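Structure record follows, encoded as structure tokens.
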Amino acid sequence: TTAIDLVNMTLFFLVCLLDQQSWQTQIQGGSRQSPIDIRSSESVHDPQLTPLSISYDPSDCLQIWNNGYSFLVEFDDSKDNSVVSGGPLENHYKLKQFHFHWGAENNRGSEHTINSLVYPAELHLVHWNAEKFRTFDEAIFSENGLAVIGVFLKLGRKHDGLQKLVNALPAVKYKDSTVEFSNFDPSCMIPSCLDYWTYPGSLTTPPQTESVTWVIMKKPIEFGDDQLSAFRSLLFTPFGEKLENMVDNFRQQQPLMNRVVRATIL
Ligand SMILES: NS(=O)(=O)/N=C1/NCCS1
Ligand SMILES: [Zn+2]
């Protein structure tokens with residue numbers, strides 16, 4: 001290898017490194033951050049948006065984990081049994097986990113809003129593109145890596161399907177606690193009306209990468225005051241430290257910038 005070859009190889013390596021870093025900056029640069037306020041009158045009806053195909057296997061449900069920001073219900077994503085496809089998605093995406101965001105009081109809690117209307121809580125069902133990427137962690141940092149279904153929760157009748165989850169929450173009161181949790185079908189939290197808005201966005205929690213296709217269900221589901229109180233009884237803090245109730249775990253809204261929110265009318 002001549003000295004010229006070494007210089008060329010070094011230059012090639014540096015160019016690749018800079019390109020990769022500039023791309024990383026782009027996906028975290030802030031041109032498509034979430035959450036947003038969805039202004040229904042400004043959304044565009046797209047007749048090409050097909051219904052979502054959602055299929056979950058309750059036996060994929062593994063555990064609940066208090067990660068110090070929310071509680072995550074985690075799924076076995078080693079098979080292809082719990083997946084979402086269709087709608088705005090070009091591939092099938094595997095369910096990895098779901099979690100919620102909520103407020104200390106009923107006038108706040110959701111991350112997305114509809115014409116500035118806030119809900120007391122919002123469910124996120126997090127899926128990753130298993131056709132294009134090998135792992136969830138790879139997908140988080142990749143274009144079209146994730147699909148998150150957002151479902152608003154409004155206060156009303158007790159949600160019977162949610163109660164099994166609520167009953168398990170005392171076991172994960174403290175940050176970093178986990179509890180085995182099996183045979184739970186998240187389909188019970190999908191509204192019967194499958195109309196949705198969709199837009200390109202980001203994770204709302206770190207690393208806030210711009211890798212998410214958001215699908216926000218138009219209709220909320222209902223749950224009871226006692227169920228929301230159980231969410232609020234969780235703690236941000238680990239056992240033995242000062243008690244800080246896990247509340248107001250939602251991100252401030254982000255500018256829409258150069259994005260269009262598309263809507264179905266099914
Ligand atoms: N709230 S969210 O779903 O956008 N944030 C996440 N962070 C890591 C996986 S999901
Ligand atoms: Zn979330």
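Heavy atoms only: backbone and side chains are in, while hydrogens, waters and symmetry mates are out. Just so it is clear, the structure is predicted and the values come from calculations on it, not from any experiment. Counting starts at 1 for both ligands and their atoms, in listed order.
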Enclosure of Lys154 NZ (heavy-atom neighbours >12, cutoff 6.0 Å): no

Which N, O or S atom of His124 lies nearest to the Zn ion (ligand 2), by name: ND1

4.0 Å heavy-atom contact, Arg251 with ligand 1: no

Glu42 side chain near Val261 side chain, heavy-atom distance below 4.5 Å: no

Ligand 1 versus Thr204: contacting region, heavy-atom distance under 4.0 Å: both

Qualifying residue, where the test is ring-ring contact (aromatic ring centres under 6.0 Å, His included) with His124 and the options are Phe152, Phe98, Phe100, Trp214: Trp214

Among Leu72, Leu125, Val126, closest by any non-hydrogen atom to atom 10 (S) of ligand 1: Val126

Heavy atom of the protein closest to atom 7 (N) of ligand 1 (residue, atom name, distance): Thr205 OG1, 2.8 Å

Reference residue Trp102; test ring-ring contact (aromatic ring centres under 6.0 Å, His included); the match among Tyr69, Phe71, Phe250: Phe71

Residue pair Trp197 / Ser40: nearest heavy atoms and the distance that separates them: CZ2-CB, 4.2 Å

Close side-chain approach of Ser70 and Thr205, heavy atoms under 4.5 Å: no

Ligand 1 atoms in contact with His101 (distance to a heavy atom under 4.0 Å): 1 (N)

Proximity of Lys96 to ligand 1 by residue part, where a heavy atom lies under 4.0 Å: neither

Neighbour count >12 (heavy atoms, 6.0 Å) for atom NZ, Lys158: no

Close approach, His99 and ligand 1, non-hydrogen under 4.0 angstrom: yes

Residue pair Ile54 / Ile149, side-chain heavy-atom distance below 4.5 Å: yes

Residue portion contacting ligand 1 (non-hydrogen atoms closer than 4.0 Å) for Trp214: side chain

Protein contact of atom 9 (C) of ligand 1 - nearest heavy atom, named by residue and atom, plus distance: Gln97 NE2, 3.7 Å

Atoms of ligand 1, numbered as shown, that sit under 4.0 Å from any heavy atom of His124: 1 (N), 3 (O)

